[in-house]
Number of protein chains: 2
Amino acid sequence: MANNVKYLPADERRAVIVDTVLALAAEMNPAEITTAAIAGRMGLSQGALFRHFQNKDAIWEAVMARAATVLTERAEAAAQSGASPMESLEALFFSHINFIVEHPGVPGFFFGELQRPGKSPARERAKELMESYGRLVGSILQEGKESGRFFERLDIPSAAGLFVGIIQGLVLQSFLTGERETIAKRAPGVFALFRRGIERGRSE
Amino acid sequence: MANNVKYLPADERRAVIVDTVLALAAEMNPAEITTAAIAGRMGLSQGALFRHFQNKDAIWEAVMARAATVLTERAEAAAQSGASPMESLEALFFSHINFIVEHPGVPGFFFGELQRPGKSPARERAKELMESYGRLVGSILQEGKESGRFFERLDIPSAAGLFVGIIQGLVLQSFLTGERETIAKRAPGVFALFRRGIERGRSE
DNA sequence: CATGAATGTGAGTAATCACTCACTATCTTA
DNA sequence: TAAGATAGTGAGTGATTACTCACATTCATG
C-alpha cells in the first residue's frame, strides 16, 4: 500500500492523492481526514499536497469527481447489459453494491458532503451525481412501465427514490455492524422485495 | 429562539444545551458544531457548558439519547395504534417521517455518528436505537406474516432493512434538495411501493 | 551533461479547537 | 438577611488545523 514514490508527474500525483483519500475514508470518518494524514499515508510532506491542489476543498472535489466518474461508468454499462428493464435494474443494483463493497469509503464521504450546507464544489458534484443517477434509474423504470412488465400505475419518482433508498439502507446497516460483508449479504433479499413492489401484479 | 436566561438549575440547563445542539444540527453539519457555537447560541460562555457536561462527547451522547428517547416513544405508540399490522406499519412510517420533519438535524447527527469508527458513547446509543427499532419493525412484520395478510414467504430481516432504507432514501433526497418539505411530499408514494412489496400477492 | 522546470521539504504561520480555573453573580434556605 | 451552594465568566491553556514559502532535489531536454 505504501506508495511513496517521489517526483511523480503532476497528474499522477493528483491521482495518488485522490486514491489515498479514498483509502483513508474507508478506515475513518471522512470529516476527520486531515491534510497531515493524507501526506503521511503517502510518505510525503503536507507542502507537496498544496503544490497540486489549491486547497483542501479542491482535493475533496477531485475525490468526489473520481467516485462519480467510476460509479457512473459502471452504472451505465450495467443499465445496458440487461435483456429486459428488470434485468437492467437488477444489474444496476448489484453493480452499485459491488462498487460500495470495493470502495467502502465512498458512501461516508458522500453523506458527509451532503450534510454540509451552502455549496462546496464537492457537494455540487455529489448533487450532479445523484441527479444523473436518478435519471438513469427513471428511464429504465419508464421503459419497464411502457413495455407492460412493471406495475402499470407505477410512480416513477417514488420508485427511483425507493431504489436509491434501499441502497442507502444497506449502507447504513453496514455502518452499524462495521462489517463490510453485511451489505452484499443482505442485498439480494432486499432487492427481491423491491422487485415485488414494482413488477406487475399477478392477477391484474 | 434566544434562550439566554441565566442561572438555570443544572438539569434544565442540560436540556437547553441538548436543544441548542439539535437546533444547530438542523442548520449546519453536525461534525462542525463547536462548543463555542453552542455557547454562543445560548448566550453563555463556553465554560458554562463544561460545568454541566464533562466533555463534548458527553454532550453528544446526551443529544443522541434524547433523540432516541423521543423517537422510540413515538414509534412504540404508533406501532400499537393500528388495527392491522399494515396499519401499524404505516403509522410507524409516518410518525418517523414526522419526527424527522420536526427535528431535521437528527438524521445528519445520526449519520455522522455512525461514520465514526471505534465506539464513542453516542455511537453506541445510535446502535442501540437502530437495533430496538429493527426489532419493533420485525415484530410487526412477523405478526402480519403469521396473520396471512403479508407475503407468505416474506424475509423479515430484508423487509425490516427495506423499511429503514426507504426512510433513509427520503432523508438523503431532502439533504440533496436542502428543502424540508421534500421528505413529507415523497413519503406516501414510496410507502405505497413498499406496501406492494410486502403484502400478499393478488393471485396467490 | 548542463540548465531550467517541475516536484518535494520542513520549519514555519495564524486561526481554531476542546477544555480549565480563579473569580464573580445569583439562588436557596435557615 | 447572612451564608453556603450553585451557576456563569472570561481570560487563559496546549494541541491541532489548513496552508505558506524559501530552499533542496530530481526530472526532462536541447
Side-chain angles (χ1 to χ4, degrees), chain A residues 2-21 24-25 28-64 109 112-113 115-118 120-123, chain B residues 2-21 24-25 27-64 109 112-113 116-118 120-123:
Chain A
N3 199 336
N4 45 10
V5 183
K6 282 191 180 181
Y7 297 102
L8 287 179
D11 50 348
E12 288 180 30
R13 176 59 72 207
R14 274 193 289 270
V16 170
I17 292 172
V18 168
D19 282 341
T20 304
V21 174
L24 285 170
M28 59 186 296
N29 186 347
E32 291 172 2
I33 295 175
T34 65
T35 55
I38 301 167
R41 175 66 69 100
M42 291 196 304
L44 295 185
S45 65
Q46 287 187 65
L49 288 180
F50 292 98
R51 185 164 297 281
H52 299 291
F53 289 100
Q54 206 180 10
N55 51 40
K56 198 184 176 187
D57 259 13
I59 302 178
W60 256 229
E61 183 186 10
V63 171
M64 193 63 85
F109 211 91
E113 209 52 43
Q115 275 177 58
R116 294 174 58 177
S120 71
R123 193 178 132 85
Chain B
N3 198 335
N4 45 9
V5 184
K6 281 191 182 182
Y7 298 101
L8 287 180
D11 51 347
E12 288 181 31
R13 178 56 73 206
R14 274 192 290 270
V16 171
I17 291 171
V18 168
D19 282 342
T20 305
V21 173
L24 284 170
E27 299 168 17
M28 59 189 295
N29 185 349
E32 291 171 2
I33 296 175
T34 65
T35 55
I38 302 167
R41 175 67 69 100
M42 291 195 305
L44 295 185
S45 66
Q46 287 187 64
L49 287 181
F50 292 98
R51 182 166 299 281
H52 300 292
F53 290 100
Q54 205 180 10
N55 50 40
K56 198 185 176 186
D57 260 13
I59 302 177
W60 257 228
E61 183 186 11
V63 172
M64 193 62 84
F109 210 91
E113 209 52 44
R116 292 175 59 177
S120 71
R123 192 179 132 85

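Within every chain, numbering begins at 1; the chains are lettered A, B, ... in the order of the sequence lines, protein sequences first and strands thereafter.
Among the protein residues, I38(B) comes within range of no part of the nucleic acid, since none of its heavy atoms lies under 4.0 Å from any strand. Nucleic acid contact class of I33(B) (heavy atoms, under 4.0 Å, all strands): sugar-phosphate only.
The closest side-chain heavy-atom distance from L44(B) to L49(B) is not below 4.5 Å. With contacts defined as side-chain heavy-atom distances shorter than 4.5 Å, the pair E61(A)/M64(A) does not qualify.
In this structure, CZ of R51(B) is placed 14 Å from P of dG10(D), rounded to the nearest angstrom. Taking atom CG on L8(A) and atom C1' on dA28(D), their separation rounds to 15 Å, with Å as the unit. Going from atom CG of N55(A) over to atom P of dT17(D) covers 17 Å, rounded to whole Å. Atom pair F50(A):CZ and dA6(C):P shows a separation of 21 Å (rounding to whole Å applied). The interatomic distance linking E32(A) (CD) with dA18(D) (C1') rounds to 16 Å, in whole Å. Rounded to whole angstrom, the span from the CZ atom of F53(A) across to the P atom of dA6(C) amounts to 18 Å. The CG-P distance, from L44(B) to dG8(D), rounds to 6 Å in whole Å. Q46(A) has its CD atom 20 Å from the P atom of dT7(C), to the nearest Å.
For dG8(C), one of the phosphate oxygens OP1 or OP2 lies less than 4.0 angstrom from a side-chain nitrogen or oxygen of R13(A). Under 4.0 angstrom from either OP1 or OP2 of dG8(C) there lies no side-chain N or O belonging to K6(A). Distances shown here put a side-chain N or O of H52(B) below 4.0 Å from the OP1 or OP2 atom of dG8(D). Put simply, S45(A) has no side-chain N or O that comes within less than 4.0 Å of OP1 or OP2 on dG8(C).
The base of dT6(D) does not come close enough to the side chain of Y7(B) for any donor and acceptor atom to sit less than 3.5 Å apart.
Comparing A48(A) and T34(A) by the nucleotide of DNA chain D that holds the closest heavy atom to each, the one mapping nearer the 5' end is T34(A). When each of G47(A) and D57(B) is assigned the nucleotide of DNA chain C with its nearest heavy atom, G47(A) is the one assigned upstream, toward the 5' end.
Nearest nucleotide to the A10(B) side chain, out of dT7(C), dA7(D), dA18(C): dA7(D). In the set dA18(D), dC19(C), dA7(D), the nucleotide with an atom closest to the side chain of P9(B) is dA7(D).
The line from CZ of R13(A) to NZ of K6(A) is 9.5 Å long, rounded to the nearest 0.5 Å. Distance check, rounded to the nearest 0.5 Å: CD1 of I33(B) to CZ of F109(B) gives 6.0 Å.
Scanning all heavy atoms of the two residues, the minimum distance from R116(B) to R123(B) falls at O-CD, 3.1 Å.
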